[in-house]
Amino acid sequence: MSSKFGVRSKNKCNRVTANLPFNAEKIKNNLKTSFIGKPLYFYSNIDSTNTAAYTLALNGAKEGTCVVADCQTKGKGRLGRRWESPKGVNIYTSIILRPDIPPTTAPKLTLMSAVAVVETISNFLNNGSGCKSEPAVKWPNDILLNSKKVSGILTEMNSETDKINFIILGIGVNLNMTRDMLPKDLRTIATSLKEETGKDISRIDFLNTLYLNIEKWHKDFLKNGFAPVCEAWKTYFNMAGKTVNINDADRQIEGIALTIDDNGHLLVREKSGKIVKIISGDVVIKA
Ligand code: BT5
């Protein structure tokens, strides 16, 4: 598969769009958070912000430490998949958290991040953008706009049996990317805020709002548990009633998506009427 901006073949970033300044100083000067982004490491070109954050965390980086990049040469999705990360246009960030929660509850942080991301996108769309569609969450880790993927979240964990050492929340958001910057096979399934609104968005403003929303939801999650996150997540869930196919490691399930349960697991009603709980997997929306 080839990519117009050539990151696959050359393994380096090509500047695509001249954009507003996006660097460590600009980001730090605008931070309004109490701990997210403190400290912050900025790279104009890196393999993966998640890989960098993981190494920092192994070396003792404190909670809230963030890595931001202008471009990634090996942006990671789940299960070894690739995250397209052209230069100068989007958000690629990884946040180190050290929550005192059982490792089994870590997947809830993916849904928590999804709420923070979708709220942030919503903030920018409601700002007179003229965008007709509302952003929606797709279980477990996607944000869709106009039914196309605009953001993905990769949560990685380092833990003992009963204790989380750290979590890396990796977030990619397509802001000012145009469709021709993507490989052909992704152009019909991915989008950006610019594609949907015709307008450029300041990456500094977006990142700041995103960090504030992550901080707000993280504090709320630790104080009040998962229920508020779960409720907020459901308000952005528009898959209910749709036919879905789920590819899990060892099984294929087809049914009607219903909702998520109190643990953030997806509930699907199979043809037989049986309700199946999905803990992990990839969801394909059929209708
Ligand atoms: C994800 O994986 O959606 C998680 C993406 C996380 C990316 C961030 S960027 C900052 C941090 N550092 C990293 O290295 N990663 C994180 P998954 O659900 O597996 O989706 C991957 C699939 O999304 C690919 O196989 C493509 O089909 C599609 N895709 C790839 N790049 C995309 C893009 N820029 N926009 C929309 N879809 C994309």
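Just so you know, residue 1 is the first one in the sequence shown, and it goes up from there. Each ligand, and each atom within it, is numbered from 1 in the order the structure gives.
- Interface atoms of ligand 1 facing G75, defined by a heavy-atom separation under 4.0 Å, are 14 (O).
- Those atoms of ligand 1 that come under 4.0 Å of a heavy atom in T49, given as number and element, are 10 (C), 11 (C), 12 (N).
- Proximity of S85 to ligand 1, defined as any heavy-atom pair under 4.0 Å, is not found for any part of the residue.
- The side-chain tip of R98 does not point at the ring of F166 from less than 6.0 angstrom away and within 45° of straight on.
- Judged purely by distance below 3.5 Å, without hydrogens or angles, the side chains of T178 and D180 pair a donor atom with an acceptor atom.
- Polar contact with ligand 1: absent for T93 (N/O pair, distance under 3.5 Å).
- Within the 3.5 Å criterion, the main-chain N or O of T65 finds no donor-acceptor partner in the side chain of Y41.
- Nearest non-hydrogen protein atom to atom 26 (C) of ligand 1 is L186 CD2, 3.6 Å.
- With respect to the salt-bridge test (charged N to carboxylate O, under 4.0 angstrom), the residues R81 and D282 qualify.
- Considering only non-hydrogen protein atoms, atom 25 (O) of ligand 1 sits nearest to R81 CD, 3.5 Å.
- At a heavy-atom distance under 4.0 Å, no atom of D282 approaches ligand 1.
- Within the structure, ligand 1 has I171 among the residues with a heavy atom less than 4.0 angstrom away.
- Salt bridge status for R82 with E84: present, with a side-chain N to carboxylate O gap under 4.0 Å.
- Ranking protein heavy atoms by distance to atom 8 (C) of ligand 1, first place goes to G172 N, 3.6 Å.
- Given atom 31 (N) of ligand 1, the protein heavy atom at minimum distance is E84 N, 2.9 Å.
- No donor-acceptor pair under 3.5 Å is formed between the side chain of E270 and the backbone N or O of I253.
- Taking every non-hydrogen atom of N141 and a distance limit under 4.0 Å, the qualifying atoms of ligand 1 come out as 1 (C), 2 (O), 3 (O), 4 (C), 18 (O).
- Protein heavy atom at the shortest distance from atom 23 (O) of ligand 1 is K149 NZ, 3.5 Å.
- Which of M177, R82, R78 comes nearest to atom 24 (C) of ligand 1 through a heavy atom is settled by distance: it is R82.
- Under the 3.5 Å distance criterion, with hydrogens and angles disregarded, no donor-acceptor pair is assigned to the side chains of S133 and E196.
- In this structure, the separation between CG on N165 and OG on S159 is 6.5 Å, given to the nearest 0.5 Å.
- For the pair S151 (side chain) and G172 (backbone), a donor-acceptor distance under 3.5 Å is present.
- Of the heavy atoms in V150, none comes closer than 4.0 Å to ligand 1.
- The closest side-chain donor-acceptor pair between Q72 and D47, if any, does not fall under 3.5 angstrom.
- Listed by number with element, the atoms of ligand 1 under 4.0 Å from a non-hydrogen atom of N174 are 33 (C), 34 (N), 35 (N), 36 (C).
- Of the options K76, K74, Q72, the smallest heavy-atom separation from atom 6 (C) of ligand 1 is shown by K76.
- The pair K163-D100 fails the salt-bridge criterion, with no side-chain N (NZ, NE, NH1 or NH2) lying under 4.0 Å from an Asp/Glu carboxylate O.
- Looking from atom 5 (C) of ligand 1 to the surrounding protein, the closest heavy atom is W83 CE3, 3.4 Å.
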